[in-house]
Amino acid sequence: MTQSWDIVIVGGGLAGYVAAAYLSKTNLSITLLEKGKSLGGRARTNKVNQQYFNLGPHALYKKGKAKSILEEIGISLRGKSPKLSGIIVENNTEYTAPFSPLELFTTRLFTTTERMEWVGVLLKIMSTEPERLAEQTFQQWARQVAPSKKVRSLLYTLGRLATYCHAPEKMSAKVAITCLKNAMGGVLYLDGGWMTMINQLHQNAISSGVHVQPHRFVKQMEPSQQGQMKLILSDGEEILGKYVICTTGPHELNEMLSKKIEFPQREFLSHMIPVRGATLDVALTQLPNQKQLFAMDTTKPLYYSVHSNYARLSDDSRNAILHVFKYHHPDEHIDGSTIKYELERFLDKLQPGWQQHVISKRFIPNITVNQRLPQIGDEGMLQSSKTKIPGLYIAGDWASPDSILAEAAISSGKQAAEEITLNERRKNHANHERRLPAI
Ligand SMILES: Cc1cc2nc3c(=O)[nH]c(=O)nc-3n(C[C@H](O)[C@H](O)[C@H](O)COP(=O)(O)OP(=O)(O)OC[C@H]3O[C@@H](n4cnc5c(N)ncnc54)[C@H](O)[C@@H]3O)c2cc1C
């Protein structure tokens, strides 16, 4: 028998679950289809030998819209904020990171003139209205505010930290500055990892009647003759939905829609470039250097942070969970073994002898952090979640006009749910008007 639902959500990550949370307040029937056996998408946390490994370093902006949306739907977020301090590695030399006023005036990274220029850059980030930067790349903006190469190099490093994007010449300045402003408001590392958000979202979905179906791969989608969307699963089963919210990646969405279907956004979606990186997730019985908690390299796109210093990420509080990360440029050739070697040597420098204390380690050479590297002009195409195919809506970390990462996944999930709810209200209102007797 063909299943028929008011709402079919494709994808069980943050975007899909947030959409489900808002729609579950209506009386529409909802199902969520996830191709994986486990739920959560890229917000998954794996428990490996009693340690909680997020898929690479994950931090939630404290002042971002994602946190307030999650709180609005009753998700509790437990964790702590890392101190914005640590070291900057430049040409293999370590310097105190100039992130606090004291460190700014004591670090040997900068000359006096560069110090003043850096202060100017920080003030510019805080005072700039991102809306005004819609026509600029991050590189163009950086060249205006930071004439010195050294200061600009630190600005790009901070940009990578806030956005995960390592292509300032391609990236929209508007999104970069929005993320930098958010990052300067601080972040949270979550106790138990990001899966704690998914677990709560999942429980809430189940208890409000959402039918969650893991291990269901949607192969194809098309408008049906009855005016609904028809989804064809990999096992041949067909599911009908009055509305579909697709939270897969943009290329996956294009593949699901047969070329015979007219889809005006196809071309735009096909040009989206993902933001990628390599992650080395490590659990140690102890840190050889207890004081070395955070580092970034300005000459190479490398990151290191001990997340367990702030969040509970192990059943044994003495253990340390850290992430070493490399930001990939979109045109870069990825050679896994060379990158692994590079990340391990970076960690050798920061935590000499770490290999003797390993409980678990995991290396992922090429993971998609965000499905869209935000570029100039994208936002005009992403103003609404509603696509040109009736009943088909989009959400996910690529589908928001002005944000990326969890900010985009969560806000676009909410937006898709609100647009559908509004559409339903309008339709019900019009039906009611039609039924009113003529006087
Ligand atoms: C290494 C790394 C570090 C990150 N760090 C941060 C950070 O610090 N801060 C931050 O805000 N964000 C961070 N992110 C990004 C954040 O994790 C993602 O933006 C967010 O989880 C994406 O959620 P989503 O729902 O849009 O997509 P996903 O989580 O990818 O969910 C989409 C789901 O759709 C499913 N699916 C796909 N195709 C089909 C199909 N055909 N049928 C059925 N199901 C399908 C997938 O299996 C997946 O579960 C990081 C990501 C990574 C990988």
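Remember, it's 1-based here, ligands and their atoms both numbered in the order they're listed. What you are looking at is a predicted structure, and each value in this text was computed from that prediction instead of being measured.
- Considering only non-hydrogen atoms, atom 10 (C) of ligand 1 lies nearest to Trp194 out of Tyr189, Tyr164, Phe217, Trp194.
- Between Lys414 and Glu72 there is a salt bridge, since a side-chain N of the basic residue sits under 4.0 Å from a carboxylate O of the acidic one.
- On a distance-only criterion, Gly16 and ligand 1 share no N/O pair closer than 3.5 Å.
- Between His307 and Tyr189, the ring planes lie parallel to each other; the angle is under 30°, not in the 30° to 60° tilted range.
- Using a distance-only test at 3.5 Å, with no hydrogens or angles considered, no donor-acceptor pair links the side chain of His328 to the main chain of Ile367.
- The pair Lys65-Asp402 counts as a salt bridge, with a side-chain nitrogen and a carboxylate oxygen less than 4.0 angstrom apart.
- Using modelled atom types, one finds no donor on one side chain facing an acceptor on the other under 3.5 Å when comparing Glu135 with Gln140.
- Annotation: Ala15 places an N or O atom under 3.5 Å from an N or O atom of ligand 1; distance criterion only.
- A donor-acceptor pair under 3.5 Å links the side-chain atoms of Gln200 to the main chain of Ser76, judged by distance alone.
- The single protein non-hydrogen atom nearest to atom 32 (C) of ligand 1 is Thr247 O, 3.5 Å, given as residue, atom name and distance.
- Side-chain atoms of Ser314 and Gln51 include a donor-acceptor pair closer than 3.5 Å.
- Judged by distance alone, with hydrogens and angles left aside, the side-chain atoms of His357 form no donor-acceptor pair with the main-chain N or O of Gln355 at under 3.5 Å.
- Near Gly11, the atoms of ligand 1 lying under 4.0 angstrom from a non-hydrogen atom of the residue are 33 (C), 34 (O), 35 (C).
- Below 3.5 Å of separation, one finds an N or O of Asp397 facing an N or O of ligand 1.
- The protein atom (non-hydrogen) at minimum distance from atom 23 (O) of ligand 1 is Ala409 CB, 3.6 Å.
- Proximity of Ile367 to ligand 1, defined as any heavy-atom pair under 4.0 Å, is confined to the side chain (atoms from C-beta onward).
- A donor-acceptor pair under 3.5 Å is absent between the side-chain atoms of Thr368 and the main chain of Gln371, judged by distance alone.
- Geometrically, Arg345 engages Tyr341 in a cation-pi contact defined by less than 6.0 Å to the ring centre and at most 45° from the axis.
- The backbone N or O of His211 lies less than 3.5 Å from a partner atom in the side chain of Thr31, making a donor-acceptor pair.
- For the side-chain contact (heavy atoms from CB on, under 4.5 Å) criterion with Tyr17, the lone passing option out of Leu32, Asn204, Thr247, Ile9 is Leu32.
- Residue Leu33 has at least one heavy-atom neighbour below 4.0 Å for each of these atoms of ligand 1: 43 (C), 44 (N).
- Annotation: atom 42 (N) of ligand 1 to nearest protein heavy atom, Val218 N, 3.1 Å.
- Under a 4.0 angstrom heavy-atom cut-off, Pro57 registers as being in contact with ligand 1.
- At a 4.0 Å heavy-atom cut-off, ligand 1 touches Thr368 through the backbone alone.
- Of all the atoms in ligand 1, the ones that sit under 4.0 Å from a non-hydrogen atom of Gly396 are 26 (O).
- The shortest N or O to N or O distance between Ala59 and ligand 1 is below 3.5 Å.
- With ligand atoms numbered from 1 in the order given, ligand 1 contributes 21 (O) to contacts under 4.0 Å with heavy atoms of Ala43.
- The closest heavy-atom contact to atom 1 (C) of ligand 1, among the options Thr279, Leu39, Leu55, comes from Leu55.
- Annotation for ligand 1: atoms under 4.0 Å from non-hydrogen atoms of Val10 are 42 (N), 43 (C).
- Under the 4.5 Å side-chain criterion, counting only non-hydrogen atoms from C-beta, Leu322 is in contact with Leu347.
- Atom numbering of ligand 1 starts at 1 in the shown order; those under 4.0 Å from a heavy atom of Gly13 are 25 (O), 29 (O), 31 (O).
- The backbone and the side chain of Lys35 each have at least one atom closer than 4.0 Å to an atom of ligand 1 (non-hydrogen atoms only).
- Distances below 4.0 Å separate heavy atoms of Gly41 from the following atoms of ligand 1: 29 (O), 48 (C), 49 (O).
- Nearest to atom 51 (C) of ligand 1 by heavy atom, out of His58, Met197, Arg42, is His58.
- A heavy-atom distance below 4.5 Å is found between the side chains of Val145 and Leu155.
- Considering only non-hydrogen protein atoms, atom 49 (O) of ligand 1 sits nearest to Glu34 OE1, 2.6 Å.
- Under 4.0 angstrom from ligand 1, there are no non-hydrogen atoms of Leu60.
- Contacts of Arg216 with ligand 1, taken as heavy-atom pairs under 4.0 Å, involve the backbone alone.
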